Structure formats: C-alpha cells, structure tokens
Amino acid sequence: MEIKTALELMKARYEAYKNGDIKFIKETHDPETATNVSWEDTEEWSKNSKWLGLEILSVVDGKEDDEEGIVEFKAFYEENHEKRVHHEKSLFVKNNGKWYYKKWLPIQGTIEKNEKIGRNDICPCGSGKKYKKCCGK
C-alpha cells in the first residue's frame, strides 16, 4: 500500500498499533527521532491494549505535494480493564517521497479557573469596585 498523505500514514500507524505491527511503526518513524523511542514500551503498549477506535480532530497540510503535515487525533483503547484516550497532535514529514512520523507537538487548550468570587472582592471586570456593588448585583 502506497501512503500518499500524512493522514493516510496516521491511520495506517493506528492500525499497526491495533495489530501489534511494531515493525511498521519503526519503519514509518523518522530516523532522526526514532532513537528517542523505547521500542519495548511501544510494543508492550500496542500488544497489551485493546484498541477501540480512532477520531481525527484536525489535519493541517500533509497532502501529496506537501513536505510536512500535522494530524491531531484521539485513539481510544482499553488497558488493564480501564478505558483510556491517547490525544496527540503529530508532526509528519516527507523524506525522499515517503511520509514519516516525526514527533508529537504540544496541545494548547483553554485554562479555566473555577475560583469563586467573594462579595467583598474587587470585581474581575476591572471597575475597581467591590463585586457586590458591581457585577454581583
């Protein structure tokens, strides 16, 4: 099977994890970053997990004519009778016409603070008034 896009490689790598095909995982990992991987841990995770599904969240570039692509995904699996989700944003690169997984990228999210505002605290709107005399009315 010829892999033409980063997304196709992402899906093929998921299937390889699902089937315990560590050889494919190694062959499609960029040689520059492959030395940072514990292949024993990778094989153990692959073979000791029950893979439940893959959800693609976003794809940036990674088409046939691109040299790089990013795929954000969630892989659902069960490990030790506990359902889990592996959420990753992956960078793929093309070398000599072949796609490789390079590394994971940080995922930014919204940070929420659930601090309760006291009646006598300064209002968070920036007015300088106490909350009870401003937005807390």
Side-chain angles (χ1 to χ4, degrees):
M1 173 179 135
E2 184 186 352
I3 295 175
K4 297 179 182 180
T5 68
L7 179 59
E8 286 178 11
L9 179 56
M10 175 63 243
K11 290 178 178 181
R13 285 174 60 87
Y14 171 80
E15 289 298 319
Y17 273 100
K18 185 176 170 180
N19 298 322
D21 186 358
I22 299 307
K23 183 178 180 220
F24 180 81
I25 298 295
K26 284 182 178 179
E27 289 172 354
T28 58
H29 197 105
D30 184 22
E32 281 185 21
T33 57
T35 56
N36 302 332
V37 177
S38 167
W39 294 111
E40 289 174 9
D41 291 347
T42 300
E43 185 170 9
E44 184 179 315
W45 181 44
S46 170
K47 292 183 176 177
N48 293 330
S49 298
K50 180 181 177 185
W51 297 90
L52 306 172
L54 177 67
E55 178 184 354
I56 303 300
L57 302 174
S58 67
V59 179
V60 177
D61 299 327
K63 296 175 188 69
E64 286 186 58
D65 296 333
D66 293 326
E67 296 298 314
E68 286 189 353
I70 297 171
V71 179
E72 184 176 356
F73 68 93
K74 288 183 180 180
F76 301 90
Y77 65 102
E78 189 176 307
E79 184 177 49
N80 299 323
H81 306 290
E82 187 177 318
K83 290 189 178 180
R84 299 178 182 212
V85 178
H86 177 78
H87 182 182
E88 184 175 316
K89 187 185 279 189
S90 300
L91 175 63
F92 294 88
V93 295
K94 196 190 296 182
N95 239 337
N96 296 322
K98 183 177 176 186
W99 282 103
Y100 293 93
Y101 168 83
K102 178 119 181 155
K103 64 181 182 175
W104 62 271
L105 300 171
I107 298 172
Q108 286 186 302
T110 303
I111 299 170
E112 293 182 25
K113 282 188 161 186
N114 292 324
E115 295 176 15
K116 186 172 178 170
I117 301 166
R119 291 174 29 86
N120 291 314
D121 290 342
I122 299 295
C123 191
C125 77
S127 68
K129 297 179 186 176
K130 287 186 179 182
Y131 180 70
K132 66 182 180 187
K133 299 272 186 178
C134 189
C135 295
K137 284 185 180 180

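Just so we're clear, the structure is a prediction, and the values are computed from it rather than from any experiment.
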Heavy-atom closest pair, residues V59 and I56:
CG2-CG2, 3.8 Å
More than 12 heavy atoms of other residues, nucleotides or ligands under 6.0 Å from CG of D65: yes or no?
no
How many angstroms lie between CG in L7 and OG in S90, if you round to the nearest 0.5 Å?
11.0 Å
Can the ring centres of W99 and F92 be said to be less than 6.0 Å apart?
no
W39 and A34: which non-hydrogen atoms are nearest, and at how many Å?
NE1-O, 3.5 Å
Interatomic distance, K11 atom NZ to L54 atom CG [nearest 0.5 angstrom]
7.5 Å
Walk me through whether F73 and E88 qualify under side-chain contact (heavy atoms from CB on, under 4.5 Å).
CA-CA 6 Å; F73 68 93; E88 184 175 316; 3.6 Å; yes
Quick check for you: to the nearest 0.5 Å, what is the distance between L91 atom CG and L105 atom CG?
5.0 Å
Whether E8 side chain and K4 backbone form a donor-acceptor pair below 3.5 Å
yes
Could you measure the distance from the NZ atom of K102 to the CD1 atom of I70? Nearest 0.5 Å is fine.
13.0 Å
Set out, in order, the CA-CA distance, both residues' side-chain angles and the distance that settles side-chain contact (heavy atoms from CB on, under 4.5 Å) for T5 and M10, then state yes or no.
CA-CA 9 Å; T5 68; M10 175 63 243; over 6 Å; no
Minimum side-chain heavy-atom gap Y77-K50 below 4.5 Å
no
Joint cluster assignment, W104 & L57, ILVMFWY side-chain distance < 4.5 Å:
no
Closer than 3.5 angstrom, by distance alone: can the side chain of T28 be matched with the main-chain N or O of Y100 as a donor-acceptor pair?
no
Side chains of T42 and V37: does their closest heavy-atom pair fall under 4.5 Å?
yes
Check whether D21 reaches the backbone of F24 with its side chain - one donor and one acceptor, N or O, closer than 3.5 Å.
yes
Report, as yes or no, whether the 6.0 Å neighbourhood of atom NZ on K103 holds more than 12 heavy atoms from other residues, nucleotides or ligands.
no
When every non-hydrogen atom of I25 is compared with those of R13, the smallest separation belongs to O-NH1, 3.1 Å
Is the closest side-chain donor-acceptor distance between S38 and E40 under 3.5 Å?
no
Working note: F76 + V85, criterion side-chain contact (heavy atoms from CB on, under 4.5 Å); need CA distance, chi angles, decisive distance, verdict.
CA-CA 5 Å; F76 301 90; V85 178; 3.4 Å; yes
Apply salt bridge (charged side-chain N to carboxylate O under 4.0 Å, His left out) to E27 and list each qualifying residue two or more places apart in sequence or on a separate chain.
K23
From Y101 atom OH to H29 atom NE2, the distance as rounded to the nearest 0.5 Å
6.0 Å
Please name the pair of heavy atoms, one in E43 and one in K47, separated by the smallest distance, quoted to 0.1 Å.
OE2-NZ, 2.7 Å
Closest non-hydrogen contact found for K63 with D66 is N-OD2, 2.9 Å
Please examine the side chains of H86 and W45, heavy atoms only from C-beta on, and report whether any two atoms are closer than 4.5 Å.
yes
Is the shortest distance from a Lys or Arg side-chain nitrogen in K94 or E68 to a carboxylate oxygen in the other one below 4.0 Å?
no
Using a strict threshold of under 4.0 Å (side-chain N to carboxylate O), is an ion pair present between R84 and E79?
yes
Heavy atoms of L52 and Y14 approach each other most closely as N-OH, 3.6 Å
Do side-chain atoms of S46 reach the backbone of Y17 as a donor and acceptor pair under 3.5 angstrom?
yes
